[in-house]
Amino acid sequence: MKKYIYYLVFLVFCLGLSFLCHIGLEILTLKIILNNLALYENSFVWQNWHLVHKAGSMSLTTLAVIATIIFAPRCWQILYIDQKYGKPRW
């Protein structure tokens with residue numbers, strides 16, 4: 001049971017990181033586009049912003065899930081099985 005809770009917390013952590021990356025990328029992209037609106041107003045990215053936004057969101061969410069699938073078991077192995085950093089407190 002503890003292992004599944006660990007995986008769930010790891011997933012929430014990865015989703016939080018992907019959300020922060022999403023925020024940073026979106027702010028940076030919108031800042032670049034809005035500062036040069038005359039150049040970008042007819043571009044594919046600006047005309048289809050809803051598609052770009054959705055694709056970016058889905059990509060980051062997928063990367064978070066993949067990172068959880070790959071790294072959570074390894075971290076569990078290191079922390080709870082091998083106990084490389086001492087015995088866990090709980």
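For clarity, every value in this text was computed on a predicted model and none was experimentally measured.
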Are [X] and [Y] joined in one hydrophobic group, where the rule is that I, L, V, M, F, W and Y side chains link up if heavy atoms are under 4.5 Å apart?
| X | Y | answer |
| --- | --- | --- |
| L34 | I23 | no |
| L25 | V52 | no |
| I70 | I81 | yes |
| I33 | I27 | no |
| F10 | I66 | yes |

Give the minimum heavy-atom separation between [X] and [Y], together with the two atoms involved.
| X | Y | answer |
| --- | --- | --- |
| E26 | W49 | CG-CZ2, 3.9 Å |
| Y6 | C75 | OH-CB, 3.1 Å |
| R74 | D82 | NH1-OD2, 4.4 Å |
| L60 | S18 | O-CB, 3.6 Å |
| S59 | A55 | OG-O, 2.8 Å |

Original post:
Out of curiosity, L63 CG to T68 OG1, how far, rounded to the nearest 0.5 Å?
Top reply: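 The distance works out to 10.5 Å.
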Original post:
When rounded to the nearest 0.5 angstrom, what is the spacing between CD1 in I78 and CD in Q83?
Top reply: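 One gets 13.0 Å once the value is rounded to the nearest 0.5 Å.
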Original post:
W46 and Y40: aromatic ring centres closer than 6.0 Å?
Top reply: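 Not close enough - the centres of the two rings lie 6.0 Å or further apart.
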Original post:
Going by the angle between their ring planes, with limits at 30° and 60°, are W76 and Y7 parallel, tilted or perpendicular?
Top reply: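 Perpendicular, since the angle between the ring planes exceeds 60°.
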Subject >> Worked check of side-chain contact (heavy atoms from CB on, under 4.5 Å) between H22 and H53 >> reply: CA-CA 9 Å; H22 183 186; H53 182 266; 3.3 Å; yes
**OP:** Test K3 against Y80 for side-chain contact (heavy atoms from CB on, under 4.5 Å), laying out the working first.
**Re:** CA-CA 9 Å; K3 185 175 187 178; Y80 289 94; over 6 Å; no
**OP:** State whether the side chain of Q47 and the backbone N or O of E41 hold a donor-acceptor pair below 3.5 Å, judged by distance alone.
**Re:**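 At least one qualifying donor-acceptor pair exists.
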